[in-house]
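Notes to accompany the following structure.
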Amino acid sequence: NVISDDGSHMQTSSYPYEAVIQYEGSWNAEMGDPNYLVKESGYGPKTFTLDCAAWERIALDVKKDDWGEGELKVQLVRNGEVVAENSTADPNGRVVINYNY
């Protein structure tokens, strides 16, 4: 699953983006500027502030680590507003979001 957006909304903060991972299981992710992705892994829901300026492109690639049955939902939030979202219920699921300012 791939979602793209032209990012034509106003930006008000120097690092306005957050990645929100909603999954009741084990996951790993690569997030941030497509050329400088940061790797994270964890268990359960988590929110990360991305080290990306308002004008940068953002890439999120999150996948389940545990073959779990639940839904993996990933949101890209800018200044408190969800600007891109995708999910999967596949046990070996992966969610990719590419957001272009």
Side-chain angles (χ1 to χ4, degrees):
N1 293 347
V2 175
I3 292 181
S4 298
D5 185 2
D6 68 358
S8 59
H9 301 292
M10 294 291 293
Q11 296 118 1
T12 58
S13 150
S14 36
Y15 295 106
Y17 295 105
E18 289 182 325
V20 179
I21 298 169
Q22 297 173 3
Y23 178 57
E24 296 300 330
S26 180
W27 50 264
N28 68 58
E30 291 186 342
M31 306 176 283
D33 180 314
N35 299 313
Y36 305 99
L37 292 172
V38 174
K39 295 183 183 200
E40 297 282 354
S41 61
Y43 186 92
K46 205 148 201 165
T47 299
F48 297 93
T49 298
L50 301 178
D51 185 18
C52 294
W55 56 86
E56 291 181 299
R57 292 183 309 138
I58 312 293
L60 304 175
D61 185 347
V62 185
K63 64 182 191 213
K64 293 182 180 181
D65 260 354
D66 60 0
W67 290 80
E69 294 295 322
E71 180 184 50
L72 166 64
K73 183 164 147 182
V74 180
Q75 295 177 317
L76 178 63
V77 177
R78 179 167 61 193
N79 298 323
E81 181 181 334
V82 175
V83 294
E85 173 179 279
N86 205 350
S87 64
T88 181
D90 187 321
N92 190 29
R94 176 179 178 197
V95 173
V96 174
I97 295 174
N98 290 303
Y99 184 85
N100 299 310
Y101 54 94

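- Here the options are V96, V62, L37, the test is side-chain contact (heavy atoms from CB on, under 4.5 Å), and the partner is E30; only L37 passes.
- A 4.5 Å side-chain heavy-atom check between V95 and I21 finds every atom pair outside the cut-off.
- Of all the heavy atoms in A59 and P34, the pair that sits closest is CB-CG, 4.1 Å.
- A continuous path of hydrophobic side-chain contacts links L72 to F48 [ILVMFWY only; heavy atoms under 4.5 Å].
- In terms of hydrophobic clustering, with Ile, Leu, Val, Met, Phe, Trp and Tyr side chains grouped at heavy-atom distances under 4.5 Å, V20 and W27 are assigned to different clusters.
- Under a hydrophobic clustering in which Ile, Leu, Val, Met, Phe, Trp and Tyr are joined whenever their side-chain heavy atoms come within less than 4.5 Å, directly or via other members, L60 and V83 fall into the same cluster.
- Looking only at side-chain heavy atoms (C-beta outward), D61 and R94 come within less than 4.5 Å of each other.
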>> I'd like to know whether R78 forms a side chain to side chain contact (heavy atoms under 4.5 Å, CB included) with Y99, so could you lay out the CA-CA distance, the side-chain angles of the two residues, the decisive distance to 0.1 Å, and finally the verdict.
In response: CA-CA 11 Å; R78 179 167 61 193; Y99 184 85; 2.8 Å; yes

> Would L50 and V38 satisfy side chain to side chain contact (heavy atoms under 4.5 Å, CB included), going step by step from the backbone distance to the final call?
Replying inline: CA-CA 9 Å; L50 301 178; V38 174; over 6 Å; no

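- Atom-to-atom distance recorded for E69:CD and D90:CG is 9.0 Å, nearest 0.5 angstrom.
- Partner of S87 under the side-chain hydrogen bond (donor to acceptor under 3.5 Å, both in side chains) criterion, out of E71, Q22, Q75, K73: E71 alone.
- Rounded to the nearest 0.5 Å, atoms CG (N86) and CD1 (I97) are 5.5 Å apart.
- Here the side chains of K64 and N92 are not in contact, with every heavy-atom distance at 4.5 Å or above.
- Between the side chains of T47 and E18, no donor-acceptor pair is found at a separation under 3.5 Å.
- Atom CD of E85 and atom CG of L76 lie 10.5 Å apart (nearest 0.5 Å).
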>> Could you walk me through whether Y23 and D66 satisfy the side chain to side chain donor-acceptor pair (under 3.5 Å) test, starting with their C-alpha distance in whole Å, then the side-chain angles of each, then the deciding distance to 0.1 Å, before giving a yes or no?
In response: CA-CA 11 Å; Y23 178 57; D66 60 0; 2.6 Å; yes

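- Residues D51 and Y15 form a side-chain contact, since some pair of their non-hydrogen atoms from C-beta on lies under 4.5 Å apart.
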